[in-house]
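Working notes for the structure below.
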There are 2 protein chains.
Amino acid sequence: MTGPAGAGRPGETEFLAGYRPGDYPAFAVTVDLAVLTIRGGLLSVLLVRRGDHPFAGYLALPGGFVRSGESAEQAAARELEEETGAVFSGHLEQLRTYSDPDRDPRMRVVSIAFVALAPRLADPRPGGDAAEARWWPVEDLGLDGRPGGRPADAPELAFDHARILGDALERVRSKLEYTTLAARFVDEPFTLADLRRVYAAVWDSAPDLANFRRKVLSTEGFIVEQGRSGAAAAGPAGGRPPLLYRRGHAVLLHPPMLRPAAGRDAAGPP
Amino acid sequence: MTGPAGAGRPGETEFLAGYRPGDYPAFAVTVDLAVLTIRGGLLSVLLVRRGDHPFAGYLALPGGFVRSGESAEQAAARELEEETGAVFSGHLEQLRTYSDPDRDPRMRVVSIAFVALAPRLADPRPGGDAAEARWWPVEDLGLDGRPGGRPADAPELAFDHARILGDALERVRSKLEYTTLAARFVDEPFTLADLRRVYAAVWDSAPDLANFRRKVLSTEGFIVEQGRSGAAAAGPAGGRPPLLYRRGHAVLLHPPMLRPAAGRDAAGPP
DNA sequence: TCAATAGTGTCTGTCAGACAGTATGTG
DNA sequence: CACATACTGTCTGACAGACACTATTGA
């Protein structure tokens, strides 16, 4: 792949010098972020409460406009740092783009959605037009037909953000199956029990402990042993202190660790 | 998920009546299509030769601007029909969005890329500024480090289309593992040998015939038996006439059919 | 009968599910 | 000691890889 931009292709410099943009429709482009973490054993998402119309008072995914000189990825990283007040070092990946013509009643907006994963972040600070920003356990949002059904008091999300968040959850649930992404949810060093709690929270069902250990430890490069804690970091006293690990270099799991049968439907993009 | 657009949220109608768009950066939004099919046992992609600057004379993915009233999905379907001259009935899915600020030297363009799969399409007809449109076996493009290396005469693609096509190929290769997508590449009715040739072409290595049969036939809803051909459609004479099948309703494969070890690296989004 | 393609049977190793058991720490 | 947590062993069934085998057609 040779460079796309201002390269030396025959006649092109002259062409570009005389080029005037045609009248193509103009769009505003935003990024929306599904920032996920595990808090208190629950998969949680960062939501802001909107101060302004439209959808004033509704909960929404944090996000903002892409600026002239930046890519969507740069805009997502910038918004993430504005929202959390610190450089973001976790996992950030593009989810998909939402472009229904009437998804924003103000104007034509195309939104490029991202998923971010992080171990326990500092409590977020509000910014921009967000009146409030906090973590919500996803089960309190009643997005998917999870056991227990939609909580009666489940808040409604602004725009098409319920759909975006639903897609983000499906992406993360399925990526835990065939990647080592789970380890991005925990602080280092971590124990195998910590890592297993990530799967339990994301899949809403804990894999069998012994089988989980066998799989994780036999996957070369998933996690790296780090020694035993002098007297374990947290946790209630009592019990044998666990071995500690950090993230390894492996990215993919082969073969994958499939989640239990439930929640495996709904095709959707990978 | 209740409707995003012109709903009756308190105070919003008044707000929208007085709303004037702020000065957010304006972007052109395009769709780019990686249209894939199997031709002569080779995975092939539809490419156009550009007539205009920039990248005049280069090969490019077909695509075009998203219009004011349509979603990216609608634009992709429209371009596909313009390009092939018929209503497109195959599989079309969003790949990802490319937004590097300098990916197009003319102006700021965000491109939403799609992957389309179809059984042998009519030979394409050129349209728009495409001087020529034809199928290219992907192995002739030398995109990935495939055995044989990059052909000396491999053409260079315009813009960042080599990257987009590379991502599209990885998407399709991996989706064959855990979905029934392969069946979207063949005309109905088809034989098991036809279906296996799809895997052989996409993965560049044929799964063992007996194991392949066992897997496909034991996956309920992957394919449906359709009876035996009176005297097989095509193929060289001689040999036992095969059973015929059509696509079933199943979408996902559980557990997946993993491709052989090669080509399973390069993390990349799902 | 031969060539060619379709289709079957079966052995083997790998691995996940299930679950019972052992080890090592604290009070 | 009891108790809690960490960790191990092992039986079983499902399934993929490998490959030898049989079946059915046309020439």
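Below, each value reflects all heavy atoms present in this structure, side chains not excepted, and no hydrogens, waters or symmetry copies. In what follows, chains carry the letters A, B, and so on, assigned in the order in which the sequence lines appear, proteins first and then strands, with residues in each chain numbered from 1.
Protein atom NE2 of A/His254 is 17 Å distant from nucleotide atom C1' of C/dA16, rounded to whole Å. Atom-to-atom, CG of A/Leu258 to C1' of D/dG13 comes out at 16 Å; the value is rounded to the nearest Å. Here C/dT24 presents its P atom at 5 Å from CZ of A/Arg240, a figure rounded to the nearest Å. Taking atom CG of B/Asp194 as the reference point, atom C1' of C/dG7 lies 15 Å away to the nearest angstrom. The separation between B/Arg196 atom CZ and D/dG17 atom C1' is 13 Å, rounded to whole Å. If you take CZ of B/Phe212 and C1' of D/dC15, they are 16 Å apart, rounded to a whole angstrom. Rounded to whole Å, the distance from CG on A/Leu209 to C1' on C/dG17 is 13 Å. Atom CZ of A/Arg213 and atom P of C/dA23 are 15 Å apart (whole Å).
Between A/Leu217 and B/Ala210, the residue whose closest nucleotide on DNA chain D is further toward the 5' end is A/Leu217. Each of A/Pro256 and B/Ala193 has a nearest nucleotide on DNA chain C; the 5'-most of these lies closest to B/Ala193.
Contact annotation: the side chain of B/Arg259 never approaches that of B/Leu176 to less than 4.5 Å [non-hydrogen atoms, C-beta and beyond]. By the 4.5 Å heavy-atom criterion applied to side chains, A/Arg247 and A/Val224 are not counted as neighbours. Considering only heavy atoms from C-beta on, A/Leu195 comes within 4.5 Å of A/Phe212 through its side chain.
Partner of A/Lys175 under the side-chain hydrogen bond (donor to acceptor under 3.5 Å, both in side chains) criterion, out of A/Glu170, A/His91, A/Glu93: A/Glu93 alone.
With hydrogens and angles left out, the side chain of A/Arg214 and the base of C/dG17 share a donor-acceptor pair within 3.5 Å. Applying the 3.5 Å distance criterion, the base of D/dA18 shares a donor-acceptor pair with the side chain of B/Asn211.
With D/dC7, C/dG25, C/dG7 as the choices, the nucleotide that has an atom nearest any side-chain atom of B/Leu243 turns out to be C/dG7.
Checking B/Tyr98 against B/Asp32 by side-chain atom types alone, no donor-acceptor pair falls below 3.5 Å.
At D/dA16, one or more side-chain N or O atoms of B/Lys215 fall inside 4.0 Å of OP1 or OP2 (strictly under the cut-off).
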